[in-house]
Amino acid sequence: MNVNEKFVITVNRELGSGGRTVGRKLAEKLGVEYYDKALIKGLQEKYHLSVEAIEKLKGQEQGWWADFKRKMTDSFVYSNYYIPKPGDEPELLETDEVFKTETEILKGIAADESCVVAGRSGFYVFRDHPNHMSILIQASMDFRVERVSRKQGMSPEEARKVIDDVDKMRENYVNRYTKSSRYDTRNYDLVISADGKTEDEIVEFILQYMGK
């Protein structure tokens with residue numbers, strides 16, 4: 001990957017691996033923007049974005065994302081984790097229209113700027129991008145349970161249930177829209193185990209891998 005040209009780094013991660021924090025810290029180190037579900041979903045809802053709306057924006061302005069971004073506010077609040085609630089599975093799976101809209105938004109972003117994207121099946125969305133690096137961050141179940149328990153104030157049993165639910169939903173989402181598995185290491189340039197490492201150490205390892 002050439003960091004002197006526009007690039008996209010996609011980070012898929014297991015809940016409790018610290019991958020979301022790694023993605024944000026990596027973006028900060030590289031001086032680029034970080035995008036995840038909270039922001040993309042917020043953009044769709046706040047600005048009523050759809051595939052048709054984006055097509056109109058493209059028709060008005062070739063670099064539609066740059067123009068659109070100038071008009072945006074940054075009033076999106078991030079939570080530490082996505083925690084499923086009863087009835088969330090259909091929403092997480094979403095619709096074909098929502099997935100297509102997300103894809104158009106992400107591709108518009110990447111055409112305009114370098115960025116780090118967490119989740120959103122980025123390994124698939126940017127599979128043909130000429131300057132893309134795909135990362136998967138995993139961890140042992142013990143590591144994940146301890147982290148989620150500590151961060152969310154849950155018992156280990158509650159944390160394990162949340163992890164199992166999120167794993168299932170994310171795998172269903174990826175399988176539905178990519179016909180692949182998020183655990184298939186062939187989808188990634190770099191697979192990292194978080195066990196025994198801090199988030200900063202993982203970020204430094206990725207930067208070394210990139211030659212930074």
Side-chain angles (χ1 to χ4, degrees), residues 1 7-17 19-20 22-24 27 33-58 64-65 68 76 78-79 81-138 144 162-192:
M1 191 183 77
F7 63 83
V8 180
I9 299 174
T10 54
V11 181
N12 271 68
R13 72 278 184 224
E14 292 183 312
L15 179 66
S17 68
R20 189 169 183 274
V22 168
R24 295 185 72 174
E33 296 290 345
Y34 169 84
Y35 297 96
D36 66 1
K37 177 181 173 69
L39 178 57
I40 299 302
K41 190 173 180 65
L43 287 175
Q44 291 181 59
E45 293 177 352
K46 186 177 179 70
Y47 297 100
H48 308 290
L49 292 179
S50 65
V51 173
E52 290 75 16
I54 292 171
E55 286 300 325
K56 288 181 181 178
L57 287 170
K58 284 181 180 179
W64 73 270
W65 172 255
F68 181 78
F76 296 105
Y78 292 90
S79 58
Y81 290 112
Y82 171 76
I83 300 298
K85 301 177 181 64
D88 269 5
E89 185 163 357
E91 181 183 355
L92 184 65
L93 287 176
E94 296 168 343
T95 66
D96 292 346
E97 176 71 14
V98 171
F99 180 77
K100 290 175 183 177
T101 301
E102 282 191 352
T103 297
E104 289 299 315
I105 292 172
L106 290 171
K107 286 184 175 180
I109 291 170
D112 185 68
E113 61 179 304
S114 296
C115 58
V116 175
V117 176
R120 318 323 300 146
S121 298
F123 70 85
Y124 178 81
V125 170
F126 294 109
R127 64 194 184 282
D128 297 323
H129 191 284
N131 203 21
H132 166 224
M133 183 172 76
S134 184
I135 301 170
L136 173 65
I137 300 179
Q138 298 180 305
R144 299 168 69 194
V162 166
I163 289 170
D164 287 342
D165 288 346
V166 172
D167 281 351
K168 179 182 176 182
M169 287 190 288
R170 286 181 176 173
E171 178 66 4
N172 286 344
Y173 178 91
V174 170
N175 183 259
R176 174 174 175 175
Y177 292 112
T178 75
K179 307 305 180 188
S180 181
S181 169
R182 63 197 287 260
Y183 301 109
D184 188 341
T185 56
R186 292 172 294 184
N187 291 321
Y188 308 100
D189 299 298
L190 190 60
V191 179
I192 302 171

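One-based numbering along the sequence shown.
Note that CD1 of Ile192 is 10.0 Å distant from OG of Ser17, once rounded to the nearest 0.5 Å. Rounding to the nearest 0.5 angstrom, the gap separating the OG1 atom in Thr101 from the CG atom in Leu106 is 11.0 Å. A distance of 7.5 Å separates CG of Asp128 from NZ of Lys107, quoted to the nearest 0.5 Å. How far CG of Asn187 is from CG of Asn12: 8.5 Å, rounded to the nearest 0.5 Å. Atom OG1 of Thr10 is separated from atom OH of Tyr188 by 8.0 Å, given to the nearest 0.5 angstrom. Phe99 CZ to Ser121 OG: the interatomic distance, rounded to the nearest 0.5 Å, is 5.0 Å.
Taking the charged nitrogens against the carboxylate oxygens, Arg144 and Asp167 do have a contact shorter than 4.0 Å, which makes a salt bridge.
The closest side-chain heavy-atom distance from Tyr183 to Glu14 is below 4.5 Å. Two residues are said to be in side-chain contact when any heavy atoms from C-beta on lie closer than 4.5 Å; Val22 and Ile137 meet this criterion. For the pair Val174/Phe123, a side-chain contact is recorded, criterion being any heavy-atom separation below 4.5 Å from C-beta on.
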Check against side-chain contact (heavy atoms from CB on, under 4.5 Å), Ile109 and Glu113: CA-CA 6 Å; Ile109 291 170; Glu113 61 179 304; 3.9 Å; yes

Verify side-chain contact (heavy atoms from CB on, under 4.5 Å) between Phe126 and Val117, making sure each step is shown before the conclusion. CA-CA 10 Å; Phe126 294 109; Val117 176; 4.2 Å; yes

side-chain contact (heavy atoms from CB on, under 4.5 Å) between Arg20 and Tyr34, worked out: CA-CA 10 Å; Arg20 189 169 183 274; Tyr34 169 84; 3.3 Å; yes

List the steps and the verdict of side-chain contact (heavy atoms from CB on, under 4.5 Å) for Asp189 and Met1. CA-CA 10 Å; Asp189 299 298; Met1 191 183 77; over 6 Å; no

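Residues Lys179 and Arg176 come closest through the heavy atom pair NZ-O, 3.5 Å.
Distance alone, capped at 3.5 Å, places no donor-acceptor pair between the Arg182 side chain and the Asn175 backbone.
Figure legend: cation-pi geometry between Arg170 and Tyr173 absent, as NZ or CZ is not positioned both under 6.0 Å from the six-membered ring centre and within 45° of its axis.
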